[in-house]
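These values consider heavy atoms only, across backbone and side chains, with no hydrogens, waters or symmetry-generated copies. Note that ligands are numbered from 1 as they come in the structure, with each ligand's atoms numbered from 1 the same way.
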Amino acid sequence: MNLEVFYQIACLFVFVIVPSYTGPNNLHLDGVSTAEIIAGDVFFEITDPVELEYTYRVRPAKDFGAPFNESFMVKNAALVPVVPRYGCNEPENYDEIEGNVAFVERGECSFKRKTMMAERIGARAIIITDISKANEEYFIEMIDDDSEEEVNIPAAFLMGKNGLMITKTLERLKRKYAIINIPVNLTFTPAHKMNQPPWLGW
Ligand SMILES: *[C@@H]1O[C@H](CO)[C@@H](O)[C@H](O)[C@H]1NC(C)=O
Ligand SMILES: *[C@@H]1O[C@H](CO)[C@@H](O)[C@H](O)[C@H]1NC(C)=O
């Protein structure tokens with residue numbers, strides 16, 4: 001084989017291998033490209049504790065709750081894990097959630113009921129996660145359960161891997177909440193500068 005042919009074959013391999021490598025890797029993490037991220041999803045950032053200082057992507061509920069529109073902006077609010085964690089009934093720590101963002105786990109009742117409960121105790125938004133091993137890498141589409149109630153605060157789903165790290169880190173630090181800004185506007189931020197949590201593998 002002469003050198004030129006070798007080069008052509010080598011180039012072909014680089015061309016073929018690189019795209020097929022990043023493709024599944026991105027899919028594994030997100031299932032969508034950066035362009036799609038910006039279309040529907042919302043980001044929030046944790047500013048305290050330092051161990052959680054990253055930008056997190058969430059998916060707004062599909063057909064219930066208020067939109068994350070231009071007039072929704074929450075700065076320096078507490079993201080408060082609800083006690084007990086499913087948030088189906090009035091939580092023990094309702095006074096910490098008022099004026100802040102409720103953080104609950106999927107299960108035991110509908111997404112909408114959790115949102116309704118959070119609204120009733122004065123939360124400004126709710127973030128729901130699913131930390132079970134089977135679902136930790138997925139965005140769950142949150143849909144209306146056809147109940148009559150209206151809900152008037154925004155609800156969004158956080159990937160379980162992030163939910164678990166936030167929960168565990170707060171527990172370890174004996175902290176009752178994290179401080180967040182939601183949404184953060186990343187329209188002109190390239191994907192590699194998004195300050196994604198390292199445990200997602202970026
Ligand atoms: C945002 O949504 C809220 C709740 O639905 C609504 O009251 C408000 O007018 C909306 N703001 C804008 C700028 O669309
Ligand atoms: C994000 O920022 C860009 C540039 O400042 C602006 O054009 C866009 O409307 C903003 N998006 C939101 C949702 O605030």
>> Do K176 and N93 have side chains that approach each other closer than 4.5 Å (heavy atoms only, starting at C-beta)?
In response: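 Result no, sub-4.5 Å side-chain heavy-atom pair not found.
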
>> Could you check whether any side-chain heavy atom of Y138 comes within less than 4.5 Å of a side-chain heavy atom of D130, counting everything from C-beta outward?
In response: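 With C-beta onward as the side chain, the pair stays apart.
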
Residues 146-157, side-chain donor-acceptor partners within the protein, below 3.5 Å, at least two apart:
unit_1: S147; atom_1: OG; unit_2: D145; atom_2: OD1; d: 2.8
unit_1: N152; atom_1: ND2; unit_2: E119; atom_2: OE2; d: 3.0

I need the atoms of ligand 1 closer than 4.0 Å to a non-hydrogen atom of [X], numbered in the order shown.
{"X": "N69", "value": "1 (C), 2 (O), 3 (C), 8 (C), 10 (C), 11 (N), 12 (C), 14 (O)"}
{"X": "S71", "value": "1 (C), 8 (C), 10 (C), 11 (N), 12 (C), 13 (C)"}
{"X": "P67", "value": "2 (O), 5 (O)"}

> Do you see a protein non-hydrogen atom under 4.0 Å from atom 5 (O) of ligand 1?
Replying inline: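 Yes, there is a protein heavy atom closer to it than 4.0 Å.
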
> Does the protein put a heavy atom less than 4.0 Å from atom 9 (O) of ligand 1?
Replying inline: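 Protein heavy atom within 4.0 Å of atom 9 (O) of ligand 1: absent.
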
>> Let's go through T129 and I166 carefully: what are the C-alpha distance in whole Å and the side-chain angles of both, what is the deciding distance for side chain to side chain contact (heavy atoms under 4.5 Å, CB included) to 0.1 Å, and is it a yes or a no?
In response: CA-CA 10 Å; T129 192; I166 292 172; over 6 Å; no

> Taking only residues two or more places apart in sequence or in another chain, which ones pass salt bridge (charged side-chain N to carboxylate O under 4.0 Å, His left out) with K168?
Replying inline: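 Salt bridge (charged side-chain N to carboxylate O under 4.0 Å, His left out) list for K168, sorted by chain: E171.
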
